[in-house]
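Okay, so here's the structure we're looking at.
Chain letters run A, B, ... following the sequence lines, proteins first, then strands; residues in each count from 1.
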Amino acid sequence: MNEEAANEGLVPKSDCLECFNIKNNDKVVNMKLPIENRKYSKEITAENDGEEVSIAGWVHEKRDLGGVFFLIVRDREGFAQVTLHKGEVDRELFEQARKVPRESVVAIGGVVKGEEKAPGGYEILPERMEVLSAASHVLPLDTTGKVGAELDTRLDARFMDLRTERTKHIFIIRSRVLNVIREFLVDRGFVEINTPKIVSAATEGGTALFPISYFEREAFLNQSPQLYKQMLMASGFDRVYEIAPIFRAEEHDTTKHLNEATSVDVEVAFVSAEEVMKILEELIAFVYSKLALYPDLNSLNLQLEVPKMPFMRITYEKALELLLEAGEQIEWGDDLSTSAEHILGERIGEHYFITDWPRAIKPFYAQPIEGKDTCNAFDLMHPRLELASGSQRIHSYELLKQSIESKGLGIDSFEFYLNAFRYGMPPHAGWGLGVERLLMSMLGIENVREVVLFPRDRRRLTP
RNA sequence: GCCCGGGUGGUGUAGCGGCCUAUCAUUGAGCCCUGUCGAGGCUCGGACUCGGGUUCAAAUCCCGACCUGGGCGCCA
């Protein structure tokens with residue numbers, strides 16, 4: 001375990017609470033805590049023996065042994081045991097602790113006692129306790145891990161699901177992954193951009209869009225920042241990235257699709273597809289190597305193995321050959337089926353790229369390979385699912401126009417985009433990577449909904 | 001959209017025509033217990049998704065609706 005990784009980012013630098021008014025049992029309590037001493041559970045050790053501290057958190061468990069009563073308080077960092085000896089503490093305080101419903105929010109002030117018998121090596125002998133918010137019971141799900149809950153139940157009560165260790169850590173990991181991606185890209189001279197999510201027309205074709213009403217006009221939620229990040233290639237920002245939601249109105253109903261997902265989009269000028277593939281695989285390896293240091297992955301039932309570099313590259317044609325050997329026939333020009341992806345994944349067993357795709361199944365902006373029906377596009381595959389796709393882009397205005405027309409798309413709705421190709425557009429390439437898919441493949445999680453706080457799928461629009 | 005499963009206390013489950021006044025665990029209420037760490041022991045409370053149908057009898061079989069898990073398709 002790595003000490004730095006264990007602490008980094010989990011503990012905030014300062015606290016801002018000083019005094020707060022709380023409504024408790026219909027009477028407003030003006031409570032002042034010795035906030036200068038308020039600590040997270042993990043910040044306290046046996047070495048603080050004798051010190052006054054304050055903690056605040058949720059009542060995780062209560063253990064009533066008659067003469068001694070244990071209150072386990074959970075905060076973001078872990079658990080603190082509060083121990084009350086009958087006869088030694090104030091009777092009212094003892095009763096208050098005994099009666100407080102589980103998962104209520106409490107603030108407790110007391111003295112630290114180093115105690116080998118206590119989990120964490122210390123316990124708190126309380127002097128005062130405030131119930132800041134009493135929880136109703138019974139609870140919508142169990143936060144202690146004794147009884148499981150189905151994903152649907154968990155998502156309905158996500159706020160409470162996030163109080164469980166595994167779920168909490170998944171989202172801390174998600175946050176870290178996004179940070180690490182930014183760190184990697186910024187180090188390489190990338191500029192973060194923000195492009196519109198409300199757009200006037202279908203950007204790439206292919207997927208269905210969510211129509212919305214935009215004053216007196218119809219508009220859509222954007223399926224991808226593709227056209228905008230390309231337009232920026234004409235601006236002099238020659239390395240850009242965006243991490244943002246994308247919207248797809250497909251009625252798919254699987255464990256790896258969402259109607260609102262997060263995409264990492266990268267676009268680089270003056271380079272080839274091979275260059276951006278390198279950036280992509282290095283990024284993946286970097287994210288893995290950073291997150292491999294995350295503590296307690298195993299106890300959270302999460303797995304993470306740093307992939308070997310460089311990733312294997314096979315052409316679309318080679319993929320078809322491998323599939324045929326395995327008894328799966330795909331016609332040249334057809335996209336790979338789910339079972340085909342699984343067969344390839346099993347044969348290769350690690351991340352790999354599929355390159356040189358037929359033009360017909362890739363978007364209009366992919367650069368055709370001269371004299372062939374293929375284009376300079378690639379998919380990054382994980383053995384279980386597709387993670388990213390990208391290509392060398394067409395940067396010639398005339399060729400791009402032709403390509404749009406040959407796909408049967410209306411030139412008019414692309415005018416704003418095409419314009420950027422008329423006044424000096426460098427060659428460029430890029431890709432889009434699904435954040436949720438990266439996370440689920442990285443952590444061995446089966447359902448994409450697990451890695452989104454409030455997922456949007458075919459049926460779910462709340463919470 | 002297609003094909004298979006499934007809907008039983010708050011949660012997770014057993015039961016799959018009569019033996020169901022429905023099992024077990026956990027949660028909840030209460031009691032006993034001075035070192036718990038999935039504490040233990042005792043008492044009590046709490047459920048068959050909805051609507052039709054078959055049958056002497058339906059949680060159990062059939063039909064429909066709704067919800068839900070998985071596979072596929074579409075898609076990234």
Side-chain angles (χ1 to χ4, degrees), chain A residues 60-72 78-89 94 98-99 101-103 113 115-121 123 125 135-157 160-161 164 203-209 223-226 245-265 334-342 361-363 377 379-382 385-390 431-438 440-441 446-449 457-460:
Chain A
H60 187 68
E61 279 190 277
K62 298 189 292 179
R63 297 205 187 93
D64 186 354
L65 279 69
V68 61
F69 183 87
F70 301 106
L71 194 71
I72 314 299
F79 306 92
Q81 174 166 292
V82 178
T83 305
L84 298 95
H85 295 277
K86 197 173 191 172
E88 290 176 33
V89 294
F94 191 87
R98 239 168 54 84
K99 287 285 188 311
R102 286 171 61 229
E103 293 304 323
K113 183 183 168 211
E115 173 58 71
E116 275 185 25
K117 284 179 283 188
E123 61 191 13
L125 306 177
S136 310
H137 48 235
V138 299
L139 303 170
L141 44 84
D142 168 44
T143 56
T144 63
K146 287 179 200 161
V147 184
E150 291 193 11
L151 185 56
D152 195 55
T153 307
R154 290 170 47 204
L155 291 176
D156 280 339
M160 187 155 288
D161 181 43
T164 64
T203 50
E204 306 172 35
T207 194
L209 301 180
Q223 69 180 94
S224 133
Q226 181 65 33
I246 55 174
F247 305 91
R248 312 268 161 116
E250 297 294 334
E251 297 198 1
H252 32 48
D253 195 3
T254 77
T255 52
K256 57 185 183 190
H257 288 93
L258 291 167
N259 295 296
E260 178 177 348
T262 307
S263 168
V264 178
D265 268 89
D334 284 350
D335 209 345
L336 302 185
S337 62
T338 306
S339 72
E341 282 181 9
H342 290 170
I361 49 173
K362 285 293 173 188
D379 279 6
L380 172 63
M381 309 296 297
H382 174 272
L385 74 174
E386 181 186 335
L387 293 182
S389 62
W431 43 257
L433 164 72
V435 170
E436 287 80 17
R437 289 191 172 190
L438 173 63
M440 65 190 285
S441 61
E446 295 294 329
N447 196 316
V448 69
R449 279 154 262 243
D457 63 28
R458 179 68 188 88
R459 299 194 184 91
R460 186 173 283 278

Take atom CD of A:E386 and atom P of B:C74, then tell me their distance rounded to the nearest Å.
-> 13 Å
Starting at the 5' end of RNA chain B, which residue's closest nucleotide do you reach first, A:L141 or A:R102?
-> A:L141
Identify whether the distance between the nearest side-chain nitrogen and carboxylate oxygen of A:E115 and A:K113 falls below 4.0 Å.
-> yes
Distance, P atom - from B:C2 to B:A29, rounded to whole angstrom = 47 Å
Select from A:A388 and A:L151 the residue whose nearest nucleotide in RNA chain B is closer to the 5' end of that strand.
-> A:L151
From CG of A:N447 across to P of B:U68 the rounded distance in Å is 13 Å
Look through every strand shown and name the nucleotide pairing with B:C20 as Watson-Crick or G-U wobble, where both distances are under 3.5 Å.
-> none
Any side-chain N or O of A:N259 under 4.0 Å from OP1/OP2 of B:A76?
-> no
Figure out the CZ/P separation between A:R460 and B:C67, and round it to whole Å.
-> 12 Å
B:G52 to B:G15 separation - P atoms, rounded to the nearest Å | 29 Å
Determine the interatomic distance between C1' on B:G10 and the same-named atom on B:A65; round to the nearest Å.
-> 26 Å
Hey, which of A:R248, A:R449, A:K256 is the one that makes salt bridge (charged side-chain N to carboxylate O under 4.0 Å, His left out) with A:D457?
-> A:R449
Which value, in whole Å, describes the distance between the C1' atoms of nucleotides B:C20 and B:A47?
-> 13 Å
Give the rounded distance in Å between these two atoms: CG of A:D253 and C1' of B:G73.
-> 11 Å
Flag the pair A:D152 and A:R460 as a salt bridge only when some basic side-chain nitrogen lies within less than 4.0 angstrom of an acidic carboxylate oxygen.
-> yes
Less than 4.0 Å between a side-chain N and a carboxylate O, is that true for A:K362 and A:D335?
-> no
Could you give the NZ-to-C1' distance, from A:K113 to B:G35, as a whole number of Å?
-> 9 Å
Would you indicate, yes or no, if B:G12 has its OP1 or OP2 atom less than 4.0 angstrom from a side-chain nitrogen or oxygen of A:T153?
-> yes
Reckon A:R459 has a side-chain N or O less than 4.0 Å from the OP1 or OP2 of B:U68?
-> yes
Taking the C1' atom of each, how far is B:A39 from B:C16, in whole Å?
-> 37 Å
Which letter, B, S or -, goes with each nucleotide of nucleotides 38-44 of chain B from 5' to 3', with contact meaning a protein heavy atom under 4.0 Å?
-> BB-----
Taking N and O atoms by type only, does the side chain of A:E150 place a donor or acceptor under 3.5 Å from a partner on the base of B:G12?
-> no
Separation between the C1' atoms of B:U43 and B:G7, rounded to whole Å | 32 Å
Output yes when a side-chain donor or acceptor of A:D379 lies under 3.5 Å from a complementary backbone atom of A:M381, and no otherwise.
-> no
Is there a donor on the side chain of A:H257 or the base of B:G73 sitting less than 3.5 Å from an acceptor on the other?
-> no
Qualifying residue, where the test is side-chain hydrogen bond (donor to acceptor under 3.5 Å, both in side chains) with A:T83 and the options are A:K117, A:E123, A:R63 | A:E123
When you compare B:G46 with B:C3, how far apart are their P atoms, in angstrom units rounded to a whole number?
-> 42 Å
Expressed in whole Å, how much space separates the C1' atoms belonging to B:U49 and B:U8?
-> 10 Å
G-U wobble or Watson-Crick pairing nucleotide for B:C74 (cut-off 3.5 Å, both distances) = none
